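Everything below concerns the one structure shown next.
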Amino acid sequence: MDIFGVPSQALMAQLMIGLVNGSFYAVLSLGLAIIFGMLHVINFTHGAMFMLGALLSWAGLYYFNLNYWVMLLLAPVVVGVFGIVLERLFLRRIYKLDYLYGLLLTLGLTLVIEGVVRSIFGVSGKPYGPAPISGVTDLGFLIIPNYRLWVIAASLTACVLTWYGIERTRLGGYLRAATENPKLVETFGINVPVLISLTFGFGVALAAFAGVLAAPIMQVSALTGQTMIVIVFAVVVIGGMGSIAGTIVTGVALGLVEALTKVYYPPASSMVMFLVMVLVLLVRPNGLFGGKE
Amino acid sequence: MNTTSQPPVLAVNGLEAWYGESHILQGVDFEVHSGEVVTLLGRNGSGRTTTLKALLGLTDRRSGSVRLFGEEVISLDTYRIARLGVGYCPEERGIFSSLSCEENLRLPPLHRGKAPGLSMDEVYRLFPNLEERKRSPGTALSGGEQQMLALARILRTGSRLLLLDEISEGLAPVIVQTLGEAIKELRQRGYTILLVEQNFHFSSALSDRLLFMESGRIIETLNPDELDDNTDRVIRMLSV
Ligand SMILES: Nc1ncnc2c1ncn2[C@@H]1O[C@H](COP(=O)(O)OP(=O)(O)O)[C@@H](O)[C@H]1O
Ligand SMILES: [Mg+2]
């Protein structure tokens, strides 16, 4: 059966890829939005942290014989700790300054991280080898590799758990309150500087988690993060910073939009995000789910 | 006015504070003893809010000496000062819009190693309106409800010293009365309270002492029973 001239099998396959990409966008933009809410820093290192997660999982396998499942836990921890160190050493100094300084500082850090990775591993992609989950599932209308199903499930679980942590727990309450008025939260005896460090660490750990998930299906290289960060910035701008759930939905939706464009008008597929971004900004300057800021 | 043996709950000596380059507090000295209610009065801009903020380390810079429960806190971080048992109710009330009324109320953690403050039941008995508005988002509350919430939220934590900035400002008389009753009850329960006010009818009925501020200094201290003999001077110190 054809849908607008495209065989439904092919359409479904593309949508599946779109859903996988959308899951990555959701996890990454979620971390970016949480960090921005708390630190008021537009974290350019986010793509590099994604890349580090992927690379660590590759390196763990080939140098230390640590399998995928171990690295899926270990890489986010390592990257999270690395993020906390960066926050304490560098970011902490610029919170009182304009947004631009945060952007420049994290851009600089990104270039350093990518440069170091490049000089060690080169720029060519590192094939991960066979995916850690093999086999396919036949859904009737579509045959899907099990690993991709796992990626979607794991990403969305990470998103839901993060949403729950922020919206429904005590620590999340501190985080939401400190996002609004950090000074006042400190007068309640809450150690806000530590809360800020943990937020940054958690946000980049999420990026690394997505990176590990991506490693077996993307060729990871020092530059992987660059393409990712540009798209994720667009997602965050389109979704707006106002709502956790909104950010997640926007990420997934844009993955699907990108996939549909690939099917129906391939030349536009790499720019459709930015077209959507422009259109959304024209109508809603704070993004689809954005509040006032 | 008790306890000559215990150190004062709050002892401020030569406190100076800055916002950026502006030198706002020019050397403030006063003491508040356990169980006292003391009010800082003054015109707008006299430095009362800045005094409260400087006590908590919220100004850009400060110097001098602030002793809380006998401990020097001039170089401590805000959150450490708070943990000694200080509750702060800011002038702008600071209700969080992304939290419900009850989440706002439960947000401040109980101070570890301190006797607990009021229970939720006691808080709701003091401010029944808050129980009815439990689920409303913080900013859907009326001005009076927000003020009650801002006060109520620091009563559960075990803070023994309360810093309350203009809680009667801009509110309907019945709400001001509710707040006045609450202050009286808190005082009976042994809380130590530092009020900032412009409304001296509200505060003189509640306070043990009134401190008058001008240009970042305390220029006069009166007991409530001295007010009648000094009406003219008081009016001059507070009028614009
Ligand atoms: N954030 C700030 N930055 C610079 N100056 C300030 C700031 N807040 C208050 N001031 C100034 O400090 C002085 C004292 O203000 P404040 O303590 O708020 O007075 P009060 O609470 O007695 O009305 C005023 O002259 C005010 O303009
Ligand atoms: Mg004031």
Side-chain angles (χ1 to χ4, degrees), chain A residues 30 33-38 40 88 92-98 162-199 239-247 286-287 289-293, chain B residues 20 49 52-60 68 73 76-114 117 137-139 149-150 153-159 161-165:
Chain A
L30 184 57
I34 296 170
I35 289 172
F36 181 81
M38 191 73 166
H40 298 283
R88 298 237 139 177
R92 185 149 287 196
R93 297 164 200 280
I94 52 121
Y95 294 147
K96 291 200 170 133
L97 306 176
D98 192 79
T162 304
W163 173 87
Y164 183 86
I166 291 175
E167 298 291 335
R168 293 285 181 271
T169 68
R170 185 152 189 90
L171 189 62
Y174 294 159
L175 191 110
R176 279 179 290 147
T179 299
E180 284 187 45
N181 190 343
K183 286 291 186 192
L184 184 58
V185 171
E186 220 175 316
T187 71
F188 297 148
I190 294 165
N191 189 341
V192 173
V194 161
L195 197 60
I196 290 176
S197 292
L198 290 178
T199 304
M241 296 286 189
S243 130
I244 301 277
T247 307
N286 289 319
F289 301 91
K292 296 159 231 90
E293 172 118 24
Chain B
T49 296
L52 298 191
K53 287 193 171 171
L55 297 178
L56 289 163
L58 294 172
T59 52
D60 291 343
L68 270 172
V73 301
L76 285 192
D77 288 329
T78 299
Y79 72 92
R80 290 197 184 280
I81 298 173
R83 285 177 187 178
L84 294 175
V86 186
Y88 172 52
C89 177
E91 192 169 8
E92 68 283 0
R93 297 168 189 149
I95 301 306
F96 297 101
S97 59
S98 58
L99 274 61
S100 71
C101 179
E102 183 162 323
E103 281 179 308
N104 267 284
L105 201 49
R106 289 183 184 276
L107 182 76
L110 309 187
H111 296 305
R112 249 173 273 155
K114 300 256 183 302
T139 39
L149 178 54
R153 141 177 102 172
I154 54 175
L155 301 179
R156 296 173 41 257
T157 60
S159 293
L161 172 63
L162 308 179
L163 311 177
L164 312 180
D165 200 343

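So you know, we letter chains A, B, ... as the sequences are listed, proteins then strands, and number each from 1. For the numbers below, each heavy atom of this structure counts, side chains included, while hydrogens, waters and symmetry mates do not. No experiment lies behind these values; they were computed from the predicted model shown.
- Only the side chain of I154(B) has a heavy atom closer than 4.5 Å to any heavy atom of chain A.
- With a threshold of 4.5 angstrom between heavy atoms, P109(B) approaches chain A through its backbone and through its side chain.
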N/O donor-acceptor pairs between chain A and chain B, cut-off 3.5 Å:
residue : atom : partner : partner atom : Å
R170(A) : NH1  : R106(B) : O            : 3.0
R170(A) : NH2  : R106(B) : O            : 2.8
R170(A) : NH2  : L107(B) : O            : 2.9
R176(A) : NH1  : S98(B)  : O            : 3.0
R176(A) : NH2  : E103(B) : OE2          : 3.1
E180(A) : OE1  : S97(B)  : N            : 2.9
E180(A) : OE1  : S97(B)  : OG           : 3.4
E180(A) : OE2  : S97(B)  : N            : 3.0
E180(A) : OE2  : S97(B)  : OG           : 3.4
E180(A) : OE2  : S98(B)  : N            : 2.7
E180(A) : OE2  : S98(B)  : OG           : 2.6
G189(A) : O    : R83(B)  : NE           : 2.7
G189(A) : O    : R83(B)  : NH2          : 3.1
N191(A) : ND2  : Y79(B)  : OH           : 3.1

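- The minimum heavy-atom distance between A82(B) and G189(A), with the atom names listed, is CB-N, 3.5 Å.
- When heavy atoms are compared at a cutoff of 4.5 Å, L107(B) approaches chain A by way of both its backbone and its side chain.
- Heavy-atom distances place no part of L110(B) under 4.5 Å from chain A, backbone and side chain included.
- Looking at I190(A), both its backbone and its side chain come within 4.5 Å of chain B, counting heavy atoms on both sides.
- Ranked by heavy-atom pairs under 4.5 Å with chain A, the first of L58(B), V86(B), L56(B), L84(B) is L58(B).
- Closest heavy-atom contact between L184(A) and G94(B): CD2-O, 3.3 Å.
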